[in-house]
Amino acid sequence: MTAETHFDTAPTPPPAKKMPVERTHHGDLFVDNYEWLREKESRGVVEHLTAENAYTDAVTSGQEQLRQDIFNEIRNRTQETDLSVPARKKGWWYYSRTEEGKQYGIQCRVAATDTGNLDADWTPPEVVPGEPVPGEQIMLDGNVEAEGKPFFSLGGLAVSEDGSLLAYCEDNAGDERFTLRVKDLASGALLPDEIPNVFYGVAFSPDGRRLFYTVVDDSWRPFQVRAHTLGTPVSDDAVLYQDDDVAMWTGFELSADRSQLLISSGCSEYSEYHALDLTDPDAVLKMLISRDEHVLYEAEPVTIDGAPSYLLTHNRHAKNSMVSLVEAPELAKPLAEQLWRTVVHHDDAVRVNGIAVTSTHLVLSVRKDTTDRVQVLPLAGLGTAGQPAPVEPAFDEQLFTSSLANAEFESPIIRLSYTSFLTPPRIYDYVLATGALALRKETEVRGDYDAGHYVAERWWAPAADGTSIPLSVIRRSDLVQDGTNPALIYAYGSYEISVDPSFSIARLSLLDRGIIFVVAHVRGGGEMGRTWYEQGKKLHKKNTFTDFVDATSYLAESGWIDQERIAAMGGSAGGLLMGAVTNLAPEKYRAVVAQVPFVDALTTILDPELPLSALEWEEWGNPITEPDVYRYMKDYTPYENIRAVEYPRIAAVTSFNDTRVLYVEPAKWVAALREKTTGPEPIVLKTEMDGGHGGASGRYSRWKDVAWDYAFAADALGATELRPRSTS
C-alpha cells in the first residue's frame, strides 16, 4: 500500500490570515505575516490551533490503524509491571515501579539491614515484578497525584538524610514551573510548607531543617537559589544567590559528602561556582573561580591526606577538559598563582565529561571513540606520581553507553547503567575495592526479541569539506544491499549534546517494517569532543545542516537505501535542523517530522524578553549586537528561508505549554510553508494542548506520541507492513 492512498481526498488546511509586522535589524527589513499567532491568550489563536489539529486528524486518518499497531507493539514488548533495581541510601533501599495499565511511576522503599557483611548489606533485596514486596512503603504514587489533572510531571524528588521527609516538585501544566511539597513519610501527611513556581531540583540540608530550590526570572531563566526553613512562611525564604546576567544559567547541588552547597552559574563557554559550608551556621558563600577568568569548570570538594581540596573538571588549557586537584586555600589567590595538580591529563581524543566521588574513589565519565564510558581511580595517591592508571569496566560491544547511575558517598559499590542500540538497559554493581562487576538487571523485552536479528554499525560519511561524519546505522540483519530499503535519519547537533547508543523498544517497530534507522552525529553535537561542538556553533553553525545533507547523500549512494524513500526526524534544536535541511535540500526527503522545532530561532533570539532567548547567545551568537551574526543566522534560519519549491510531506509536532520552544514557532512555520510550497504534499501541525516540551505526560500518552510520529514517517515511506523474518 502506498502512502498516496491516504491523501486521495485531501481536506483543505485552515487558512492563516496575514497580519504583516515589520522587523528591522542592522538595516535589514523582514516582514512577518504570522507573528499574530504569538498571542497565546487570543481566542483566535486557540481556534486556529484547534482547526489545525482537526486538519491534521483528517489528513492522517488513514494512519490510525498503523498508529494503533505501533502503539500495541510498544506495549506488548514492554514489561508494564516492572521496577528499578533498589538503590541504598542510609537505612533504606529506594526504588520505583510501574503497574500495568497505569501511566505513572510509584516511588517506594524498604528498610535495609546492616550485618557487617559487605555482600549481604549491599546486595539489593530480591523483588519480583507484580509480587508484593514485604515491608514496602509507598512514598509517592504518581497515578494518585495525577488523578483529575491534565498533566503530571515530577521535577525533583529528595529524601531527608534521616529518611523522615520527602520533598517533591510537581508540574500540572507542562510549563516546567513546579509546586514544591513536603510529605511526612511516617504519617503520610503533607506539611503545610508549599512553594509555588519553582524550577527543577530540590535538596534537603543535612539536618533536614531547610530545603534548597531554584526559581526562574520573567524570561524563564533559573537565576535564584533559595533556602526555605520548614515551618516558616515562604515569603521569608532566603535568597542565597542571584545571578542577573541574562546569559547565565544558575543551578545547585549538594557535594557528595553533603558538607557543602555548590551553586553554579554558567553558559556553554565559562562558569562560576560558589560554595557554602553547611557544617558552619555562620558560613557565607565563597566564590571558587570567577567567571571573569573564562574557565568552564565544575567543582567537587574532597579531603586528600587531611587537606580540604577541590577536584576541578575544567577546560583551562584543555579544550576537551581535564581534571585537577587544588587545595582550598589556593583558590583565594590570583588564578595565575594557584597550584593545581593534574589528576587526568588533557587528551585530544578523550572528552572528560565530569566526575563523581565516594569516600574512597574518584569516578570519571569520559567520551572515547565517540562512546560514553566510566573509569575509576582511588583517592589515595591522587595527583601524585604514585597515582595509578584509571580502571575501566570492559564491555563487549563497539557502540555502547556506560554511565554512572548511583554513587553514595559511603558506599563500597557504585552502580553503572549500560545500554546499546541492540542491548536493553542493564544495571551493574561495581565493587570499588576489587573491580568485580555484578549484573543486577537487564530490562526485559517481551515477545520474540533477539538481538541477533538486528545489526548496529558505525559508518563514516564524507562532508563537503572533507570531514568524516560518524553515522550509527541500525537495521534488520536480513535486509539486503539492493538499494530498495527505506530509511529514517535522526539527528540533534547542538549544545554539545550527543545522541548516544541506547536501546529503544519503539524503534523496533520501524526496523521490523524494513526501515533502516540512522543517527547522524553531525557537528554541533559532542560525539567527537569539544572541537566537534565548536565546529557546529555560532558562525560555524551551517556545518550542522550541511553535514546532515551530506550524510543523506552518502546513505542514498550506499547501495542499501532507496534515495526516494528517505525520511528525516529531529526535535527542538534538532527541529531547527529539520527546517534548515528542508530548505537546503527538499528533494532529498520523502517526509520530515519536526518535533517541538526551533524553526523561528532568529525572531526568538532577537527578543531577550522571550523565554530563554538570551541564553542562546553562547550557542548561536548574539544577532542583536553583532551584524555578522545576524546576517549569518538570517541566511539559515528556517522561517526566513522558506522558498517556492516542492517541499516534502511535513509534520510539525508541538505543545501549547512548551516554554523552551514556543508553539508559535512551528505554527508560523507551517503557515509560511503552505503559502510557498509548489508541491502537493500535505504540511500538518499537531499541537498537544496539555503538554510541555516533552509532549504529553504519562507513559501511554508518550507511546501514543511516538506511534504518531513513527506512523507518519513509515506511511510516507510506504513501509507500513511488518516484514516476515527471513529463514535463510
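Between E52 and R674, at least one side-chain nitrogen of the basic residue sits less than 4.0 Å from a carboxylate oxygen of the acidic one, meeting the salt-bridge criterion. Salt-bridge check for K668 with E35: passed, with a basic side-chain N closer than 4.0 Å to an acidic carboxylate O. The residues D500 and R367 are annotated as salt-bridged, a charged nitrogen and a carboxylate oxygen being separated by less than 4.0 angstrom. Taking a cutoff of 4.0 Å between a charged side-chain nitrogen and a carboxylate oxygen, D715 and R649 qualify as a salt bridge.
If you check the side chains of Y647 and T678, you find no donor sitting under 3.5 Å from an acceptor. Between Q535 and N543, the side chains place no donor N or O within less than 3.5 Å of an acceptor N or O (distance only, hydrogens not considered). For S472 and H521, the side-chain atoms include at least one donor-acceptor pair closer than 3.5 Å. Looking only at atom types and distance, the side chain of T654 has no donor-acceptor partner in the side chain of E688 under 3.5 Å away. Judged purely by distance below 3.5 Å, without hydrogens or angles, the side chains of Q63 and Y710 never pair a donor atom with an acceptor atom. When only modelled atom types and interatomic distance are considered, S502 and T401 share no side-chain donor-acceptor pair under 3.5 Å.
Under a cut-off of 6.0 angstrom, the local environment of CZ in R643 is crowded, with over 12 non-hydrogen atoms contributed by other residues, nucleotides or ligands. The number of heavy atoms from other shown groups lying within 6.0 Å of NZ (K704) does not exceed 12.
Counting only heavy atoms from C-beta outward, the side chains of W36 and V21 never approach each other to under 4.5 Å. Between T443 and Q79 the shortest side-chain heavy-atom distance does not fall below 4.5 Å. Counting only heavy atoms from C-beta outward, the side chains of T419 and P424 never approach each other to under 4.5 Å. The closest side-chain heavy-atom distance from W703 to T78 is below 4.5 Å. Side chains of N172 and F152 form a contact here, defined as non-hydrogen atoms less than 4.5 Å apart.
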Intermediate values then yes/no, side-chain hydrogen bond (donor to acceptor under 3.5 Å, both in side chains), E527 and T370:
CA-CA 5 Å; E527 289 89 345; T370 75; over 6 Å; no
side-chain hydrogen bond (donor to acceptor under 3.5 Å, both in side chains) assessment of T637 paired with E640:
CA-CA 6 Å; T637 41; E640 288 85 355; 2.8 Å; yes
What verdict does the side-chain hydrogen bond (donor to acceptor under 3.5 Å, both in side chains) test give for S268 and E496, after you've listed the backbone C-alpha separation in whole Å, the side-chain angles of each residue and the deciding distance to 0.1 Å?
CA-CA 9 Å; S268 65; E496 203 179 358; over 6 Å; no
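A distance of 11.5 Å separates CG of D482 from CD1 of I561, quoted to the nearest 0.5 Å. With rounding to the nearest 0.5 Å, the separation of CH2 in W532 from CD1 in I469 is 6.0 Å. Atom CG in D82 sits 11.5 Å away from atom CD in E100 (nearest 0.5 Å).
Pairs of residues two or more places apart, or lying in two chains, that qualify as salt bridge (charged side-chain N to carboxylate O under 4.0 Å, His left out) and include a residue from residues 503-522 are E73-R513, R77-D512, R476-D512, D512-R725. The salt bridge (charged side-chain N to carboxylate O under 4.0 Å, His left out) contacts involving residues 446-455 comprise nothing, where partners must be two or more places apart or lie in separate chains.
Note that R475 lies in the cation-pi zone of W560, set by a 6.0 Å cut-off to the ring centre and a 45° limit from the axis. For K40 and Y663, the positive end is not near the middle of the six-membered ring at less than 6.0 Å and at most 45° from its axis. For K537 and W620, the positive end is not near the middle of the six-membered ring at less than 6.0 Å and at most 45° from its axis.
What you find for P11 and V59 is that their closest heavy atoms are CG-CG2, 3.6 Å. H48 approaches P14 most closely through the heavy-atom pair CE1-O, 4.2 Å. Of all non-hydrogen atoms in A713 and L488, the two that sit nearest each other are CB-CD1, 4.4 Å.
Using the six-membered ring where Trp is involved, Y636 and Y632 have ring planes that are perpendicular, over 60° apart on the 30 and 60° scheme.
Between the D600 side chain and the V664 main chain, no donor and acceptor come within less than 3.5 Å of each other. Between the N143 side chain and the Q103 main chain, a donor and an acceptor come within less than 3.5 Å of each other. The backbone N or O of G44 lies less than 3.5 Å from a partner atom in the side chain of S42, making a donor-acceptor pair. A donor-acceptor contact shorter than 3.5 Å is absent between the side chain of R458 and the backbone of L399. Checked by atom type and distance alone, the side chain of S498 never pairs as donor or acceptor with a backbone atom of G525 at under 3.5 Å. The main-chain N or O of V46 is found under 3.5 Å from a side-chain atom of T50 such that the two form a donor-acceptor pair.
Exactly one of T546, T544, T467 qualifies for a side chain to side chain donor-acceptor pair (under 3.5 Å) with R523. That residue is T467.
Checked against ring pair (Phe, Tyr, Trp, His ring centres under 6.0 Å), F503 has the following partners two or more places apart in sequence or in another chain: Y449. Here Y533 pairs with nothing under the ring pair (Phe, Tyr, Trp, His ring centres under 6.0 Å) rule; sequence neighbours left out. In this structure, the side-chain hydrogen bond (donor to acceptor under 3.5 Å, both in side chains) partners of Y200, at least two apart in sequence or on a different chain, are E176.
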Expected list for residues 591-599: side-chain donor-acceptor pairs under 3.5 angstrom, two or more places apart:
residue	atom	partner	partner atom	Å
Q595	NE2	D709	OD2	2.9

